[in-house]
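What follows is one structure encoded as structure tokens, with my remarks underneath.
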Amino acid sequence: QLQLVESGGGLVQPGGSLRLSCTGSGSRFNDYSIGWFRQAPGKEREGVSCFNRGSGRTDYADSVKGRFTISRDISKNTVFLQLNSLKPEDTAVYYCAAKYSCVTKPDNIDYDVRSWGKGTRVTVSS
């Protein structure tokens, strides 16, 4: 059974930074691509970034390009999401997911998802 646990969320001022972690345990965590998603209050869950397990390619939503960076430490079974230059609109619960691919479908957020974590809350406010 594959379990994912997110950590690193918190309250930060606009312009600040956070580093989120997604640590996997159980079955073959490193065999999966890992995606980060977020869900703001009253909004649908959306994809933020993805680390492709095969190619190592990283993908980002336009809204976070240049500000967020995804990375992976295989030895620690962990994928990180570095959040810089945070804005109030980045406020959301951030989830990681083990995926069979980094393909996303806005009308089916569970597409290719093997497992979800329970999320970590990020609040950007002065």
Side-chain angles (χ1 to χ4, degrees):
Q1 186 175 357
L2 178 61
Q3 294 182 323
L4 307 178
V5 178
E6 302 94 335
S7 61
L11 172 64
V12 63
Q13 293 186 342
S17 298
L18 286 172
R19 189 175 78 158
L20 307 183
S21 299
C22 171
T23 301
S25 61
S27 177
R28 298 162 52 189
F29 174 79
N30 291 321
D31 287 351
Y32 297 94
S33 297
I34 301 297
W36 280 98
F37 297 77
R38 67 185 180 186
Q39 188 165 16
K43 294 189 176 182
E44 299 288 324
R45 192 173 297 189
E46 62 176 0
V48 174
S49 183
C50 191
F51 193 105
N52 189 301
R53 68 171 179 87
S55 64
R57 191 186 78 188
T58 56
D59 298 328
Y60 298 94
D62 288 343
S63 59
V64 306
K65 279 181 182 177
R67 300 189 299 122
F68 292 7
T69 303
I70 192 170
S71 61
R72 188 166 195 159
D73 188 333
I74 293 175
S75 67
K76 296 181 179 179
N77 273 14
T78 300
V79 171
F80 302 99
L81 187 66
Q82 179 70 39
L83 285 58
N84 296 332
S85 303
L86 282 161
K87 306 175 181 180
E89 52 263 43
D90 294 317
T91 294
V93 178
Y94 284 71
Y95 301 88
C96 67
K99 291 174 60 68
Y100 297 106
S101 76
C102 281
V103 174
T104 59
K105 295 188 176 182
D107 59 344
N108 181 7
I109 204 67
D110 293 308
Y111 181 80
D112 257 8
V113 172
R114 167 66 173 80
S115 296
W116 287 99
K118 294 185 177 181
T120 184
R121 185 175 301 275
V122 172
T123 303
V124 185
S125 175
S126 55

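Sequence positions, counted from 1, serve as the residue numbers for this chain.
- Of all the heavy atoms in F37 and A97, the pair that sits closest is CE1-CB, 3.9 Å.
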Could you walk me through whether I34 and C22 pass the side-chain contact (heavy atoms from CB on, under 4.5 Å) test, one step at a time?
CA-CA 9 Å; I34 301 297; C22 171; 4.3 Å; yes

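- In this structure, OG in S63 is found 8.0 Å from NZ in K87, a value given to the nearest 0.5 Å.
- Judged by distance alone, the side chain of S33 and the main-chain N or O of R53 form a donor-acceptor pair under 3.5 Å.
- Here the closest heavy-atom approach between residue E6 and residue G119 is recorded as OE1-N, 2.8 Å.
- Between F68 and W36, the distance separating the two ring centers is not shorter than 6.0 angstrom.
- Cation-pi contact between K65 and Y60: absent, since separation from the ring centre below 6.0 Å together with deviation from the ring axis within 45° is not met.
- For the pair R19 and F80, the distance from NZ or CZ to the six-membered ring centre is under 6.0 Å and the angle to the ring normal is within 45 degrees.
- Sorted by first then second residue, the side-chain hydrogen bond (donor to acceptor under 3.5 Å, both in side chains) pairs that include residues 89-100, not counting sequence neighbours, are R38-D90, R38-Y94, R67-D90.
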What's the verdict on side-chain contact (heavy atoms from CB on, under 4.5 Å) for R57 and D59, showing C-alpha distance, side-chain angles and the deciding distance?
CA-CA 7 Å; R57 191 186 78 188; D59 298 328; 3.1 Å; yes

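- The shortest heavy-atom contact between L2 and A98 is CD2-CB, 3.4 Å.
- Two residues are said to be in side-chain contact when any heavy atoms from C-beta on lie closer than 4.5 Å; V124 and L83 fail this criterion.
- Cluster annotation: V93 is connected to I109 through the hydrophobic network of ILVMFWY side chains, with a link wherever side-chain heavy atoms come within less than 4.5 Å.
- To the nearest 0.5 Å, atoms OH (Y32) and OG (S115) are separated by 7.0 Å.
- For the pair T104/Y111, no side-chain contact is recorded, criterion being any heavy-atom separation below 4.5 Å from C-beta on.
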Take S125 and Q13, measure what side-chain contact (heavy atoms from CB on, under 4.5 Å) needs, and give me the verdict at the end.
CA-CA 5 Å; S125 175; Q13 293 186 342; over 6 Å; no

Would you check, one step at a time, whether the test side-chain contact (heavy atoms from CB on, under 4.5 Å) holds for V79 with I70?
CA-CA 7 Å; V79 171; I70 192 170; 3.7 Å; yes

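- Contact annotation: the side chain of W116 approaches that of D110 to within less than 4.5 Å [non-hydrogen atoms, C-beta and beyond].
- Proximity of T58 to N52: side-chain heavy atoms (C-beta onward) are nowhere separated by under 4.5 Å.
- Defined by atom type and a distance below 3.5 Å, a donor-acceptor pair is present between the side-chain atoms of N30 and N77.
- Side-chain contact annotation: T23 with T78, donor-acceptor N/O pair under 3.5 Å present.
- Considering only heavy atoms from C-beta on, S17 comes within 4.5 Å of Q82 through its side chain.
- Considering L81, L86, N84 in turn, L86 is the only one that fulfils the side chain to side chain contact (heavy atoms under 4.5 Å, CB included) rule with L18.
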